[in-house]
Amino acid sequence: MTLLEVENLDVHHGQLHAVRGFSLSVEPGATVAVIGANGAGKSTLMRAIAGSHLPTAGTIRLGGQDITRLPAHRRVAQGISLVPEGRRLFKSLSVQENLETGTYRAGSGPWNVDAVMELFPWMRERARQNSASLSGGQQQAVAIGRALVANPKVLLIDELSLGLAPAVVKQMYALLPRIVERGTAVLLVEQDVSQALAAADLVHCLLEGRTVLTGSPQDLTPAQVEQAYFGLAHAGGGPEGN
Amino acid sequence: MARTTPPTTEGTTTPVAASAAPPLPGALVTRAGRASKASAGVLALAVIVLAALPYIAFAGTTSSMVTFFVLLIMASMWNLLAGFGGMVSVGQQAFVGVGAYTVLAFANMGINPFVALPLAALTCSVFAIPTSWLAFRLRGDYFAVGTWVIAEVYRLIIIRFDSLGGPSGMSLPGLNGMDPVLRGALTYWAALALAALTILGCYLLMRGRTGLALTAVRDDETAARANGVDVTWSKRLVYLVSAAGCGAAGGILIIDSLSVQPNAIFSVQWSAYMIFIVIIGGIGYLEGPLLGAIVFYALQQLLAGYGSWYMIILGAIGVAGAIWLPRGLWGTVTNKTGIQLFPVGYRLNQPWTLPPNLR
Amino acid sequence: MSPLLQLSGLDKRFGQVVVAEALDLTVGEGEAVGIVGPNGAGKSSLFAMVSGDLKPDAGRVTFDGEDVTARPAHQRCRAGIGRTYQVPRPFEGMTVFENVLVSAAQGSGLHGRAAQQQAADVLAECGLAAAANQRAGSLSLLQRKRLEVARGLATGPKLLLLDEVAGGLTEPEVLELVELIGQVKARGVAVVWIEHVVHALVKSVDRLLCLAGGRFIADGDPATVLADPQVLELYFGGPETEEGAA
Amino acid sequence: MPAAARKETDYPMDLLNTLVQGLMLGGLYALFAAGLSIMFGVMRMVNLAHGDLAVIAGYLVLVLLGGTMFPLWLVVLVTLPLFAVIGYGIHRSLFSRSLKAGPLSALLVTFGLSIVIQNGLLEGFSADTRTIDMGVLNTGAFHLNNQLSISYLGLLTLILAVVVIVGVQLFLSRTRTGKMMRAVSDDADTASLVGANSKHLYAIATAIAFGTVALAGIMSGARSSFDPSIGPTQLIFAFEAVVIGGLGSLWGTLAGGVVLGLTQAFAAHLDPSFTILAGHLVFLAVLAFRPQGLIPQRTV
C-alpha cells in the first residue's frame, strides 16, 4: 500500500507558481529523490508536504488519509518529519535539547535520543554544547536526529548535502540505508545529482515547478539528467540531448 | 512628437491647474485627477465656511471645534511619523507639553501668546534634535516605550522650574485683558489656520521629492536605501516636522484653556488620541487623519455624557481596528475605489505608456 | 579596462558560517561578469557587501577609484552602484512609474522633468511602459523582476548588480530578460550577475566565476568554468560519479 | 557643632539603610518586569497593558477580601492562577491575532487594552486610592538597630522576585514545555516541524506573564496605595528594568530592577523630588552608552 501520495499539487509562493501539478507516491521503506536546480520549487514542495506551506490545489495523503489541510505541528504526530533546508537548529538550545524537541509529539518506534546518539557517537560528548558551535555536517546530523526521534513514517530531507564538504556528504548518504532499514521511508530533495542518483530508488527531476523527468536511476542517462537539470534543451529533456 | 509644453515639475503644479485642461501630448505626467479637483474645491470651501463660524455659531461650538483642530494637527503629525517614517511613538506628548510651556515662557517674558505659537513650533524642533539622537537607537516597540520615557523626563524636568509653576502648573498671562469673545474667536482662527496649514504642509511635503522618498521608505526601507534614499535623514526630517506640529498644537491648547497643568499636558492620553485617530482613519494615507478626526470628534460628541465609558469604547474600537481593519477606513475605501482626496502620485501620460516605436 | 569595482580581502562570517573569506574581485568598466555557486555559498552576501547593506568583518570595497567600505548604501547607490534583489522588493503601495521615479530622483540625483523623463525611458526600455500606472503590488513575478532591473537602471549606474533575476521565470520570459540585459551591457554599464539559470547567464556574460564556501574556486570564460572539474563536482559530485550513475 | 558631628557618624548606617531599601524596591521592579521580559523574550512582544493588569489584580484582591470570608493567602492563591488562565485566553483570542497582523498591531492592541482597563477600573472603583491590608506584613519589620530596619513586605517581595525569576528560568531550561518555548522563540516555523503549536506555547508564556504581574500588583498594592491610573507608571518602571538589564535576559531583568531600585532610593535620599527622574536618566544613559543592557546575553 502506498504510504505517501501527492496528487496534482499546486503551490504558490507569493506571486510565484512554485509547484505545478506535481504528483508522486512513496512506498514504505523506499528512498525517493527530487532533484533540480535552485528555484525549481523543491523546497516549496517539501514545505507543502510537511504542512508549513498550504498548497493552492491538489491533495496529500498519508496512509490513505487526507492531510492536505492539516497544520504542520499536527502532521508530526501523523508520521511526517522534515529536516528543513539549512538545518535550522534552535540556536539557543544545546545539542541534547535540540534532539529532545523532536520527541515532543513523537510516535512510537525504534528511534529515541539514545538511538540517535548511537548513530552519531560524537553527540554524547557534545550533548551540552550549544548547537551554534557545531560544524555544518554536525548540525545536519543533529537536524536529522531531531526529525528521526519523532519516529516518522516518512522522513523528508531538504537539501541533505547543502554547504557540506564532499566527504561529509558521503557520510550523510551512507546513513540513509540505516534509516530506511528500520522502516522509515525517505523523500529527499537535492542539488547534488550524483549522490541522489546513487541513493534513491526513484528520481523526479523538477524544472520550474514541473516534473520533467522521472524514473529509476538505472534507467536514466547522464545527458538526460543534465538537460533536465539546467533546462538547456527545452521541452523537458528528451534522450536526443544537445 | 511635439514636446514643447513647459515641464511639469512637482510642487509648481497645483492639482486644479493640472487637471484644468486635458494633458497635451508632450506632458510627461499628470499629478491629479478630476476627483481631487472637486475635493480641493470642497476643502477650500470648508475652510472658508469654518473661518466664518465665529460669526454664525455660539462660542461653545467654536470652542469644541478648537479641540477638533488640535486633534487633527496632532494626528496628521503622528501619521507622518508612524505612517511614513515607520516610527511608532507613544511619546509625542513630549512636544505637546514643550510647546505649551514655550508659549507660557514667552508669555511670562511679555510676548503675546499668539505671537509665541510659531516660536513654540520652532523650539520643539530644536528639542527634537537631541531627542532623536537618543530615540533613534531604539527600534519598533522599544522606540514606542522609549519615547514615552523621554516624554516623562521632559515633564519631570519642567516641573522643577518654579518660574513655570512647578508640579501644579500655572495660568497663562498676557490674554486676561482681552474680550473673551474676541479671544475665543482668535483662538479658533489660530487653530483653524494651523490645521489647514498642517494639512497643506503635509500635502506639499508628500507631493514633492521628499514625499516620494518617504513613501518609498514606508513601503520598504532596505530597497529605498538601495535606490539612493537617505533613510536616516528622511526619518529625522519627519521627526522634526512632527515635533514642530505637536508643539504648535500644545501652544493652542494652553491658549485655549489659559492655563497649563503638567500632568495633563504631558499625558500619554494625547498619544492615545493620535493613535486612535490615525488607526481608524487609515495609517499611511494623508486622508486618514482627517477622516479619523471626524469620526473621533463625532464619537466624542455622541458619548461625552457617558464618562469613562467613552474612553472604554474608544479603546475597544482601537483594538478591533488594529486587528480587523489594519488599513483603516480610508485605506479600505481607497483600495476599493481608487479615490484620493490628496493625490500625491504621478500618472504617466498616454503616449509615454506606449513602447517607443508606437509613440 | 580600468577597474571599476575592486574587492580586496573581504571577510564575513555569521557565527560558524563563512560567507566570504579573503575574497578578491575586480570588475572592469563595462565588463559583464556572472557568478554561479551552490546555495549558501555567499553570493547574496557578496552583493550586500558591495551595495552597502552588509558590513564586511575585514577587507575593502573600492568603487570608481574611491574607498567606499564605510559608506552607507544610499551613497554607494548615488556613486553608481545599482542593484536588484533576489526576492523582488517593489514599493508596493506606489505605481510602477513612481517606483522607478524614486530611483531616478534619489539615485541619480535628477530633478523634476529630467527625473520623470529618465523614469519613463527606463520603463520603456524594460518593457514596463504599459504597466506604468499600475500599482507595483499587483505585478506578476516577471514584471516584478523587470521592475527590479528598471529601478536599478534608473539610478544611472556604472555598475548593475543582478541577483537571480531569471529565477522562477518560464523559458520565454528568461529569453526576454537576457535580451534586456544585453541592451544594458550595450550602454556600457558593467554588470555582475548572480544566477542559477546557467544557460541564461552564459548567453550574457564575458566572464564567469564560481563561488563556494565564501571563496572563488573558478574564474574565466564561461565555457571553461562550466567544464572545470571543481565546478562540476559541486553540481554533479565530480565527473567520475557522473559516469558511474549511467 | 554637635548636630553636624552626629550626622557624620550616622552616615554609613544611613547609606546602608538606603541600600537595603533600594534593594527591596528593586525586587518589586524586577517582579513587575519579569512578565514583560518573558513576553518579549518568547514572542518579541511588548505588552503596553502590563502595568494595568497589575492594577486589576490589586482590585481583584480587594474585592475578594471584602466579598468572601477567604483569608489573604487563599485569595492570592486564587488570583494568580485566575490571571494565568485569563492570560492564556487573551492570547488565544486577541494577541495571537494581532501578532499575525504585524508588529504595529500588537503594540496598538495592547495600548487600546490599557485604555479600556484604566477606564473600566475608573468606572468600577472611582479614582480613590486604595491599599491592600496584609496585616502584620504591611507594618512589621526586622529592626536590626534603630536606624536600619527591613520590612517584612519588602523582604518578601525581593524573595518572591528571585523565586519567580529562578522558577521561570528552571521551567524554561528543565521542562519539555519550557524547552519547546525556547525552540519556538528561536524559530517558530521550524518548531512547528517538530510538533510545536506556537499559539499554544505563546499563550502559556502570556499566562506566566499575567500570573507574575498579578503577584507584582498585589505586593505593590500592599506596599503603597494605588488607583486606576497608575498602570502606565508601573509599565514604565518595568520596561526600564528590562532594558537596563538587557533584552530577553531574565537575570538581566533582576539586575535591571535592582539598579533601578537603588538609583531611585539613593536619589530620594538626596532629594525626594528627584527620585523618578533619576531612574529615567539612568535608563536613558544605558540607552545612550550601553544599549545592549547590563547582561545582554539572551537566556530566554
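Order of the sequence lines sets the chain letters (A, B, ...), proteins ahead of strands, with each chain counted from 1.
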**Message:** With a 6.0 Å cut-off (strictly less than), is the heavy-atom count around CZ of C:R135, excluding the residue itself, greater than 12?
**Reply:** no

**Request:** Measure the spacing between OG of B:S234 and CD of C:Q106 and express it to the nearest 0.5 Å.
**Result:** 7.0 Å

**Side chain to side chain, C:T95 and B:Y346, heavy atoms closer than 4.5 Å** = no

**Request:** Answer whether the closest heavy-atom distance between the side chains of C:E98 and B:L212 falls below 4.5 Å.
**Result:** yes

**Prompt:** Of the listed residues (C:R76, C:R83, C:M94), which shares the most heavy-atom pairs with chain B below a 4.5 Å separation?
**Reply:** C:M94

**Prompt:** So which heavy atom on B:R209 is nearest to which on C:A105, and how close?
**Reply:** NH2-O, 2.6 Å

**Message:** Can you confirm whether more than 12 heavy atoms, excluding those of C:E176, are under 6.0 Å from its CD atom?
**Reply:** yes

**Prompt:** For B:R327, does the CZ atom have more than 12 heavy-atom neighbours from other residues, nucleotides or ligands under 6.0 Å away?
**Reply:** no

**Prompt:** Donor-acceptor pair, B:R347 side chain versus C:N133 backbone, under 3.5 Å?
**Reply:** no

**Asked** Quick one: CG on B:D220 to OH on C:Y85, what's the gap to the nearest 0.5 Å?
**Response** 7.5 Å

**Complete:** From the list B:D219, B:N227, B:T222, side chain to side chain contact (heavy atoms under 4.5 Å, CB included) partner of C:R89 resolves to B:T222

**Prompt:** Between B:T232, B:V231, B:D230, which has the largest tally of heavy atom pairs under 4.5 Å with chain C?
**Reply:** B:D230

**Atom group of C:L123 that falls short of 4.5 Å from chain B, counting heavy atoms** = side chain

**Asked** Just wondering, more than 12 heavy atoms not from C:R60 lying within 6.0 Å of its CZ?
**Response** no

**Request:** State, to 0.1 Å, how close C:C77 and B:G228 come at their nearest heavy-atom pair, and which atoms those are.
**Result:** SG-N, 3.3 Å

**Asked** Taking the side chain from B:R225 and the backbone from C:A73, do they hold a donor-acceptor pair closer than 3.5 Å?
**Response** no

